[in-house]
Amino acid sequence: MNELEGLNERQKEAVMQTNGPVLIIAGAGAGKTKTIVHRILHLIKEGVAPEAILAITFTNKAAKEMRERVEKALASDKTLNLPTHFPGKPFVSTFHSLGVRIIKENAQAIGLTRHFAILDRSDSSKIVKECLAELSIDPKQFEPAKILNRISREKGNLTTAEEFSRDADRGYTVPGVTARVWPMYEAKLAKDKSLDFDDLLLKTYEILRDHPRVLEHYQELWKYIHIDEYQDTNKVQYAIAKLLAAKYKNMTVVGDIDQSIYSWRGADIQNILDFEKDYPDAKTILLEENYRSTQTILAAANEVIKKNAQRREKNLFTKNAKGEKISYFRGTNETEEARFIARKASELTGKGVPAREIAVLYRANFQSRALEEAMLAESVPYQVLGTKFFERREVRDILAYLGAALDPEQLASVKRIINIPARGIGKVTMLKIFEGNRNSLPSAVGEKVNHFYRLLERIKKETETKKPSEVLRFIIKESGLELELQKGTEEDKERLENMRELATLATKYDYLPKPEGIEKLLEEAALATDQDSMEKNENAVKLMTVHASKGLEFDYVFITGLEQDLFPHQAIGKDEKTPEEMEEERRLFYVALTRARKKLFLTHAEMRTIFGSTQVNLPSEFFADFDSDLLEEEKFEFRDKIIYLDW
């Protein structure tokens, strides 16, 4: 494989610029992944050791795709003379996976073992709720999710609990309550030997910052660093990257200011805007040729985004066909809007379009209800993005057995499954266990507890000698869950099937050395995201928020709810958006437009019921952002009456 084959001139320039800092501004559909893959291949052909290359992206799906493409490129290039299973490979991962690796390899530096637990949002919310209860604060007045969101945001900004508590007031406000909850929350995590999702980044940064020899090790290991979606980095991700690249400065970042849509979760657009200030000798390359969309779609996208002031000037172009006009539909209400979308989807699939190539995007999650009802009424197969397999209760139970077996001091995991299935171990007993007073338990209760810990020891031995899939089947059977669920309801039997599906999924780790396969399985489960729910690629219409669609593409895309105050979105209780917020809404619309390859449908409802209140809506101001000649209005007659279920 020639590393320059099939590239345009700007892509070739990005591939050939091997040393020093490089900023690649890559528009939507401009082949950025292809450019990174060819660049990695070129570096290796120039003599860089494969293991000296680090590539970071934001989703597991994107990392998996890049990893597979890199490995395929290396395997197919005969000039490299690499063995089939060469030991050194580029490390391609997400930021969080990178954090897991660095923390595992340096766990003792922060008082952990390799087998620390990674809490998901629901587990973290439960701990916050416990803290509120201990402070006699009503969780209805101060929702645990809001407190957790504040903690998460502060960690992303490199703030510690001590720093936040020192500076915050102690009144009954979200910051004040957070200041009291956060130190307690951290103490509980430390006792449980657990980290939350944000700690995977914050602790990584602290290890690199506080341990010069550790930092030097990774600087020498990864001399060439690539970061995809750089516009989405927050302060802690920026800081990690800057530390790793500080010695050799071979940092290549790829991003698009026009697709920065995550400020609400801490992404800092200044990171990409200031790259040339951070690295004055940086080479900047613009990738503007789009390989995805029609000329019509790009014309609309370019007109929309050029109204933003906070951006780097670029203009997407394509050699693709002009394509169809953008269809526009105005429904009387959300039901009519949804029925139009379902009917159109049915028409498209009837003409041979695979259902998986149709996506319906919306600004807010509540919009999915009407769409789901319409899809059911029209018998259109659909999949709502966001239903995570690894979030299912029964799946998390089996994973907790694994975590507790590897490290019985993972108190969160022990607490979760010590009574699953029921063993008659009460809260008082658990409290004594966690205080280290197992010897004080009555003999009957003590035997139940000892039996549970003997089970964990047996599971631990299985992990040392058996494949991951075999270990999971052992847990399902020996824990008693299989027998209990087989006797239960249809719902119980479905839960058992999900457990068995987890064992099937684990077979892809069976080839790894023991217990590395188990560790990889636990890591993947902990770091799973919404987009991972699409891994099976069901042949169904995809329903998702615009935020969730980032990085995806489809032949046919419906953008729904294009009404003023819905898209662009206006938060309840706010009179108007700031200029920065409005620019992000326009970037979000730009992202939605550029998901489509062949055809776009834009829809809105004249009336919509939100939180029980029906309101009359103006069409979104975004319609005025591009030439009306690009649009064609669709009329749709609804002669039949459909009775919808009251969900």
Side-chain angles (χ1 to χ4, degrees), residues 96-97 99-120 122-124 126-127 130 185-200 202-204 207 390 395-420 423 425 429-439 449-472 474-476 478-479 481 502 506 509 512-528:
H96 288 89
S97 293
V100 169
R101 172 171 171 171
I102 291 174
I103 293 170
K104 277 187 175 182
E105 292 176 350
N106 303 277
Q108 289 184 333
I110 54 173
L112 294 174
T113 68
R114 284 183 58 86
H115 305 302
F116 60 88
I118 302 172
L119 302 183
D120 62 19
S122 62
D123 288 331
S124 294
K126 286 177 186 174
I127 295 174
E130 289 175 12
Y185 171 78
E186 291 298 328
K188 288 178 183 290
L189 261 60
K191 184 179 179 183
D192 290 354
K193 294 191 179 298
S194 302
L195 297 179
D196 66 21
F197 211 61
D198 302 292
D199 285 330
L200 300 180
L202 184 59
K203 298 298 182 185
T204 297
I207 289 171
F390 289 116
V395 171
R396 290 170 61 203
D397 290 343
I398 298 300
L399 295 172
Y401 266 106
L402 265 182
L406 291 173
D407 183 2
E409 291 188 29
Q410 273 189 25
L411 301 187
S413 296
V414 171
K415 190 186 302 183
R416 181 179 184 89
I417 43 90
I418 197 168
N419 259 325
I420 295 178
R423 295 184 175 88
I425 299 173
T429 301
M430 279 196 280
L431 187 62
K432 288 184 178 180
I433 293 170
F434 296 154
E435 288 175 347
N437 295 325
R438 277 171 62 182
N439 293 334
V449 172
N450 291 337
H451 183 270
F452 169 73
Y453 277 96
R454 284 197 295 269
L455 171 61
L456 295 185
E457 289 170 5
R458 289 166 59 209
I459 295 170
K460 175 73 180 297
K461 287 181 180 177
E462 291 289 307
T463 67
E464 295 166 354
T465 58
K466 300 286 177 65
K467 297 174 181 177
S469 59
E470 294 171 335
V471 175
L472 293 183
F474 178 86
I475 293 172
I476 293 167
E478 297 301 317
S479 65
L481 282 167
L502 179 64
Y509 302 106
L512 291 169
K514 306 169 188 63
E516 186 181 334
I518 290 290
E519 292 181 4
K520 280 290 183 186
L521 170 64
L522 288 171
E523 180 182 327
E524 177 175 303
L527 302 181

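The structure displayed is predicted, hence computed values, not measured ones. Hydrogens, waters and symmetry mates play no part in the numbers below; they use all other heavy atoms, side chains included.
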Engineer: Apply side-chain contact (heavy atoms from CB on, under 4.5 Å) to L521 and L472, showing your working.
Structural biologist: CA-CA 11 Å; L521 170 64; L472 293 183; 3.8 Å; yes
Engineer: Measuring from atom CD1 of I417 to atom CG of L399, what distance do you get when rounded to the nearest 0.5 angstrom?
Structural biologist: 11.0 Å
Engineer: Looking at F116 and K104, what are the two nearest heavy atoms and their distance?
Structural biologist: CE2-CG, 3.8 Å
Engineer: Out of curiosity, I425 CD1 to K415 NZ, how far, rounded to the nearest 0.5 Å?
Structural biologist: 14.5 Å
Engineer: Who passes side-chain contact (heavy atoms from CB on, under 4.5 Å) against K467, sequence neighbours left out?
Structural biologist: S469, E470, D510
Engineer: Shortest non-hydrogen contact from P408 to V414?
Structural biologist: O-CG2, 3.5 Å
Engineer: Would you check if the side chain of D196 reaches a backbone N or O of L119 as a donor-acceptor pair within less than 3.5 Å?
Structural biologist: no
Engineer: Mind listing the closest non-hydrogen atom pair of T463 and K514 along with its distance?
Structural biologist: O-CB, 3.7 Å
Engineer: Shortest non-hydrogen contact from T204 to G99?
Structural biologist: OG1-CA, 3.1 Å
Engineer: May I ask you to test the H451-R454 pair for a side-chain heavy-atom distance under 4.5 Å?
Structural biologist: yes
Engineer: List the steps, then state whether side-chain contact (heavy atoms from CB on, under 4.5 Å) holds for R416 with D397.
Structural biologist: CA-CA 7 Å; R416 181 179 184 89; D397 290 343; 2.9 Å; yes
Engineer: Quick one: salt bridge (Lys or Arg N to Asp or Glu O under 4.0 Å) partners of K460, sequence neighbours excluded?
Structural biologist: none
Engineer: For the side-chain contact (heavy atoms from CB on, under 4.5 Å) test, which of I518, V471, I459 pairs with K466?
Structural biologist: V471
Engineer: Hey, are the side chains of T429 and I418 touching, using non-hydrogen atoms and a 4.5 Å cut-off?
Structural biologist: no
Engineer: Looking at every heavy atom in both S413 and A400, which two are closest together, and how far apart are they?
Structural biologist: CB-O, 3.6 Å
Engineer: Between F452 and Y401, how do the two ring planes meet: parallel, tilted or perpendicular, split at 30° and 60°?
Structural biologist: tilted
Engineer: Enter the distance from E462:CD to I475:CD1 here, rounded to the nearest 0.5 Å.
Structural biologist: 9.0 Å
Engineer: Run the side-chain contact (heavy atoms from CB on, under 4.5 Å) test against R101 and tell me which residues pass, sequence neighbours left out.
Structural biologist: F91, E105, L221, W222
Engineer: Is it true that, when you exclude E523 itself, more than 12 heavy atoms of the residues, nucleotides or ligands shown sit nearer than 6.0 Å to its CD?
Structural biologist: yes
Engineer: Would you say K520 has more than 12 foreign heavy atoms packed within less than 6.0 Å of its NZ?
Structural biologist: no
Engineer: Kindly compute the distance separating CG (N106) from CZ (R114), expressed to the nearest 0.5 Å.
Structural biologist: 10.5 Å
Engineer: In sequence, state the C-alpha distance, the side-chain angles, and the governing distance for D123 and R396, and then conclude on side-chain contact (heavy atoms from CB on, under 4.5 Å).
Structural biologist: CA-CA 11 Å; D123 288 331; R396 290 170 61 203; 2.8 Å; yes
Engineer: Measuring from I118:CD1 to L527:CG, what's the distance to the nearest 0.5 Å?
Structural biologist: 5.0 Å
Engineer: When rounded to the nearest 0.5 angstrom, what is the spacing between CD in E409 and CG in L112?
Structural biologist: 11.0 Å
Engineer: Apply the test side-chain contact (heavy atoms from CB on, under 4.5 Å) to residues R423 and L455: give CA-CA distance (whole Å), side-chain angles for both, the deciding distance (0.1 Å), then the verdict.
Structural biologist: CA-CA 13 Å; R423 295 184 175 88; L455 171 61; 3.7 Å; yes
Engineer: Work out which heavy atom in Y185 is nearest to a heavy atom in S124; give both atom names and the distance.
Structural biologist: OH-OG, 3.2 Å
Engineer: Flag yes if more than 12 heavy atoms outside E464 fall under 6.0 Å of its CD atom; otherwise flag no.
Structural biologist: yes
